[in-house]
Amino acid sequence: MNEVTLADLPLRDDLVGKSPYGAPQLDVPVRINTNENPYPPSDALVADLTASVASAAVDLNRYPDRDAVALRESLARYLSRSAGVSLTTSNVWAANGSNEILLQLLQAFGGPGRAALGFEPSYSMHPIIASGTRTTWLSCPRRADFTVDIDAAVDAVARRRPDVLFVTSPNNPTGGSLPPEDVARLAEVTPGIVVVDEAYAEFSQRPSAIRLIADFPAKLVVVRTMSKAFAFAGGRLGYLAAAPAVIDALLLVRLPYHLSTLTQAAALAALRHADDTLASVAHLVAERIRVAASLTDIGLRVIESDANFLLFGEFADAKATWQAYLDAGVLLRDMGIPGYLRATIGTDAENDVLIKVSATIKESG
Ligand SMILES: Cc1ncc(COP(=O)(O)O)c(C=O)c1O
């Protein structure tokens, strides 16, 4: 039984030869490869969450609230407050990480015979989820400096007419963001759904695209996550803001009871401590500016970032340089962009190590 390999299975033809998503999970001193918030939850949050989960546990013989109403209410309050737009429970949907939200969006609006377009390099899961849902992937390149040429982008969208358009702002792995005016120009020419992936919105000074939902109610969806600024990556909670009809569409494809009672209770507790947790954001942004300046001083090219990470280079051999950082105890991300690596902003001490190791590698390279 153990000798069966993937090649022996009746796998779908279009999955043969594909690689799974796989940011390495290695136990090294400085793990800055998956854009998490480096600060653990506060003692008060841990105590609140533990008590909430304990009281939810007595009901675990019952299925969870299928529509996660209390959680969506709390998320709507947070979004209304932070984006300055009035949203209610009917505008918000939640799932196990924003990856599940993206999957549900492609299940509902993509699929066989349909196409999704993204401006690459961008978040690697967009084409992977497209492939898993048999949505054709259309790649539109960014400029050499990784910004989006908005006129060319509008033109490409008008010509290629995607059913789903991905706009990642701030963009992972490059860090830059798009102003809402540019998102609106793209929405005007997109025949299908515009998914604005704002996983890193809290780190950016740009206004959120949430304000555009009222102008494009049948098109615009803003996807958020608690994995980054909210320091809740292990809790797996993603969400979206959109017109209520978009959520009606997702109800057609979501698995019943997808969000466990424990996840809902834990996320509600995390949201009660939002102000406290999000206080780390300003410090991480200040650290991003400090690290970017230090890496630039060393002679590296740092791409301007609005998020909690930096893409930097240029290295003759990014793969070999990634290994050199790892040998020095620093786990970075190699996104397959020739000459570049990505580092998440960590604690001050982790950032100091990154700068020090970068100086050594640059000197020896
Ligand atoms: C742009 C972007 N969107 C979505 C996600 C998915 O995050 P999660 O599923 O943890 O919410 C990530 C994670 O790295 C991301 O970078």
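Quick note: residue numbers are just sequence positions, from 1. Read the numbers this way: they start at 1 and go in the same order the structure lists the ligands and their atoms.
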Atom pairs and distances, ligand 1 N/O vs protein N/O under 3.5 Å:
| unit_1 | atom_1 | unit_2 | atom_2 | d |
| --- | --- | --- | --- | --- |
| ligand 1 | 3 (N) | Asp197 | OD1 | 3.1 |
| ligand 1 | 3 (N) | Asp197 | OD2 | 2.7 |
| ligand 1 | 7 (O) | Ser98 | OG | 3.3 |
| ligand 1 | 9 (O) | Ser98 | N | 3.2 |
| ligand 1 | 9 (O) | Asn99 | N | 3.1 |
| ligand 1 | 9 (O) | Asn99 | ND2 | 3.2 |
| ligand 1 | 9 (O) | Arg236 | NH2 | 2.9 |
| ligand 1 | 10 (O) | Ser227 | OG | 2.6 |
| ligand 1 | 10 (O) | Arg236 | NH1 | 2.7 |
| ligand 1 | 11 (O) | Ser98 | N | 2.6 |
| ligand 1 | 11 (O) | Ser98 | OG | 2.7 |
| ligand 1 | 11 (O) | Thr225 | OG1 | 2.5 |
| ligand 1 | 11 (O) | Ser227 | OG | 3.4 |
| ligand 1 | 14 (O) | Tyr200 | OH | 3.4 |
| ligand 1 | 14 (O) | Lys228 | NZ | 2.8 |
| ligand 1 | 16 (O) | Asn172 | ND2 | 2.7 |
| ligand 1 | 16 (O) | Tyr200 | OH | 2.7 |

- Item | Ring-face cation contact, Phe119 with Arg142, 6.0 Å cut, 45° max | no

- Task: Please answer whether the main-chain N or O of Ile210 pairs with a side-chain N or O of Ser208 as donor and acceptor at a distance below 3.5 Å.
- Result: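 Judged by distance alone, yes, a pair lies under 3.5 Å.
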
- Query: Taking Arg31 for the side chain and Val330 for the main chain, is one N or O donor matched with an acceptor at less than 3.5 Å?
  - Reply: no

- Query: Side-chain donor-acceptor pair under 3.5 Å between Asn35 and Tyr200, yes or no?
  - Reply: yes

- Query: Is a salt bridge present between Asp48 and Arg272, judged by a nitrogen-to-oxygen distance below 4.0 Å?
  - Reply: yes

- Query: Does a salt bridge link Glu287 with Arg290, judged by any charged N lying under 4.0 Å from a carboxylate O?
  - Reply: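 Counted as a salt bridge, because a side-chain N and a carboxylate O are separated by less than 4.0 Å.
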
